[in-house]
Amino acid sequence: MPEAIALIDANNFYASCERVFDARLHGKPVIVLSNNDGNIIARSQEAKALGLPMGAPFFKVREIIERHGVEVFSSNYALYGDLSSRMMDILSDFSPEVECYSIDEAFMSLIDSSRQPLDKIGRAIRARVKKHIGIPVTVGIAETKTLAKVAAYHAKRSEKTKGVLDLTRSPYQELALARTPVEEVWGIGPQYSALLTSHGILSALDLRNVPDDWARTQLTVVGLRTVHELRGIQCLPLDLSPSTRKTVTVSRSFGSTVETLKELRAAVAFYVTRAGEKLRRDRLAAGSLTVFIETNRFSSERQYNGAKTFQLSPMTDLTPELIVVALRGLETIFREGYKYKRAGVTLDNLAPAETLTKRLWDNEAYERMRELMKVVDEINAVFGRDTVRFGYFERDGKWRTRFGKRSPRYTTRWEEILRVGSTLSAPI
DNA sequence: TCTGGGGTCCTAGGACCC
DNA sequence: TCTGGGGTCCTAGGACCC
């Protein structure tokens, strides 16, 4: 067990990434949106100060955005992913044990020594990431991951810390816990926090002092682990070799609702294609496939959710086979007369692809198909996505995510966003 | 009036995370 | 008019077995 765990947390990561290449954005409110102009998924500090809530539907906050000249971007995951991996590279200079927890966060072990106090290491990390990547990070240091999260929470909010807070053996640890609202504790979501609040457990300190039995029955073993972690007992070790994924899901809300089976087929084939690519990239094959379609849950229209799961026997990683199954499922769940807003595909029961090299029937055809699939992937890698594609796949349709109408280069002004948006919906 | 017991596997649903 | 997407883990309950 490491002596201490540091959490390195990029501040407002997506918004900060946009700033890396556009110095003009510094000091300005910046937000990043999800697909279809849906929701706010990242905000700069200035945008938070304007009261723009995380996850807020864009259309509900347009007025504020316009009034304050907020800079609006659509997500550029390629950019964020690239900056993220560069950041992780730098972190590995400071510790042999780095867990890349998410695109903008990492846990790492730190060794305490008189020569290098922990907070000094934290400052060095912060300075180097800022200098080399241009992203500001917060560093929280403590005995466990959950406590490191608490440390980072305060490091982010207190000017005095200058972005680094070491709570190991700190006389302030208890004070920090007392000043952490229970809903801010890692692992405590909206449901648990409502439950805890109703029992008078309001802070991380209150939660730390809850009896084990009570935590176990009310919050399951997961919550009990959180309580122990708050006491400084490591229950969540660093995960240095991320295990292979267990599911692959590809789903999107449609740009506009669709009502026909034909359009849903095109959408589903598109999502299956993406799912197949993920599967083969990770050298996995799927043992089951679920296809689902949904109406718009925010609308007052009649609602319908349909889903169908098939076991895949034999397992497969071939897009054409997955498409056939998914479309068969789609036929069984499709109902006439609904306005569909979303569809998706989940691949489950994944196993390494090399375990399914031989098939009992038609093995030769299967082998040829795998070869073909490999070539298709290679061609698409070189010449661009969907250069080669399979039946039912159509590039366009009402269902396609309205995407890129705000490319980072062109949508830094509200007036521009409006114009581009109206151009898209105008009958040209 | 009585209605085994314990183990395992699977699935759906609920909680959480970013 | 416009409300994201992709994951993990745990539990309860049913099916099935001996």
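Here is the naming used below: chain letters follow the sequence lines, and residue numbers restart at 1 for every chain.
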Open item on the list: Is it true that A:T260 and A:E263 share a donor-acceptor pair across their side chains at a distance under 3.5 Å?
Closed with: yes
Open item on the list: If I take atom NZ in residue A:K145 and atom P in nucleotide B:dC18, what distance separates them, rounded to the nearest angstrom?
Closed with: 12 Å
Task: Non-neighbouring partners of A:F334 that pass ring pair (Phe, Tyr, Trp, His ring centres under 6.0 Å), sequence neighbours left out - done: A:Y340
TODO: Report, as yes or no, whether the 6.0 Å neighbourhood of atom CZ on A:R245 holds more than 12 heavy atoms from other residues, nucleotides or ligands.
DONE: yes
Atom pairs under 3.5 Å: protein N/O with N/O of nucleotides 7-10 of chain C:
unit_1: C:dG7; atom_1: OP1; unit_2: A:R245; atom_2: NH1; d: 2.4
unit_1: C:dG7; atom_1: OP1; unit_2: A:K278; atom_2: NZ; d: 3.4
unit_1: C:dG7; atom_1: OP2; unit_2: A:T249; atom_2: N; d: 2.6
unit_1: C:dG7; atom_1: O5'; unit_2: A:R245; atom_2: NH1; d: 3.3
unit_1: C:dT8; atom_1: OP1; unit_2: A:K246; atom_2: N; d: 2.9
unit_1: C:dT8; atom_1: OP2; unit_2: A:T247; atom_2: OG1; d: 3.1
unit_1: C:dC10; atom_1: OP1; unit_2: A:R225; atom_2: NH2; d: 2.9

Open item on the list: Could you work out, with side chain to side chain contact (heavy atoms under 4.5 Å, CB included) as the rule, every residue matching A:K308, not counting sequence neighbours?
Closed with: A:V291, A:F310, A:T332, A:I333
TODO: Answer yes if the side chains of A:E18 and A:Y80 hold a donor-acceptor pair under 3.5 Å, and no otherwise.
DONE: yes
TODO: Starting at atom OH of A:Y101, determine the distance to atom C1' of C:dG6, rounded to an integer number of angstrom.
DONE: 13 Å
TODO: Answer yes or no: does a side-chain N or O of A:R342 lie under 4.0 Å from OP1 or OP2 of C:dG4?
DONE: no
What does the list of N/O pairs under 3.5 Å between the protein and nucleotides 1-3 of chain C look like, with a distance for each?
unit_1: C:dT3; atom_1: OP1; unit_2: A:K341; atom_2: NZ; d: 3.0
unit_1: C:dT3; atom_1: O3'; unit_2: A:N39; atom_2: OD1; d: 3.0

TODO: Can you spot which of A:I103, A:N76, A:D104 makes a side-chain contact (heavy atoms from CB on, under 4.5 Å) with A:Y14?
DONE: A:I103
Task: Interatomic distance where CG belongs to A:D104 and P belongs to C:dG5 [whole Å] - done: 19 Å
So which protein N/O to nucleotides 14-17 of chain C N/O distances come out below 3.5 Å?
none

Task: With A:T168 via side chain to side chain contact (heavy atoms under 4.5 Å, CB included) - residues at least two apart - done: A:A4, A:L118, A:I141, A:E143, A:D166
Task: Nucleotide pairing, DNA chain B (Watson-Crick or G-U, distances under 3.5 Å), in dot-bracket with [ ] and | - done: ....||||||||||||||
TODO: Mind checking ring pair (Phe, Tyr, Trp, His ring centres under 6.0 Å) for A:F107 and listing every partner two or more places apart, or none if nothing turns up?
DONE: A:Y101, A:W186
TODO: Nearest 0.5 Å please: distance from the CG atom of A:L147 over to the CZ atom of A:R208.
DONE: 9.0 Å
Task: For A:T295, side-chain hydrogen bond (donor to acceptor under 3.5 Å, both in side chains) partners two or more places apart - done: A:Q303
Task: Over 12 non-hydrogen atoms of neighbours within 6.0 angstrom of NZ in A:K339 - done: no
- [ ] Take atom OH of A:Y271 and atom C1' of C:dG5, then tell me their distance rounded to the nearest Å.
- [x] 11 Å
Open item on the list: With rounding to the closest Å, how many angstrom separate the C1' atoms on B:dC17 and C:dG4?
Closed with: 15 Å
Open item on the list: Contact list please: residues 184-191 of chain A against DNA chain B, heavy atoms, distance less than 4.0 Å, in numerical order.
Closed with: A:V185, A:W186, A:G187, A:I188, A:G189, A:P190, A:Q191
Task: Counterpart residues, side-chain hydrogen bond (donor to acceptor under 3.5 Å, both in side chains), relative to A:D9 (two or more places apart) - done: A:K156
TODO: Please name all residues satisfying side chain to side chain contact (heavy atoms under 4.5 Å, CB included) with A:R216, sequence neighbours left out, ordered by chain then number.
DONE: A:V221, A:L224
Task: Side-chain donor-acceptor contact under 3.5 Å, A:S95 with A:S109 - done: yes
Task: Side-chain H-bond candidate by donor/acceptor type, A:Q311 with A:S313, under 3.5 Å - done: no
Task: A:R225 and A:T146 side chains, donor-acceptor separation under 3.5 Å - done: no
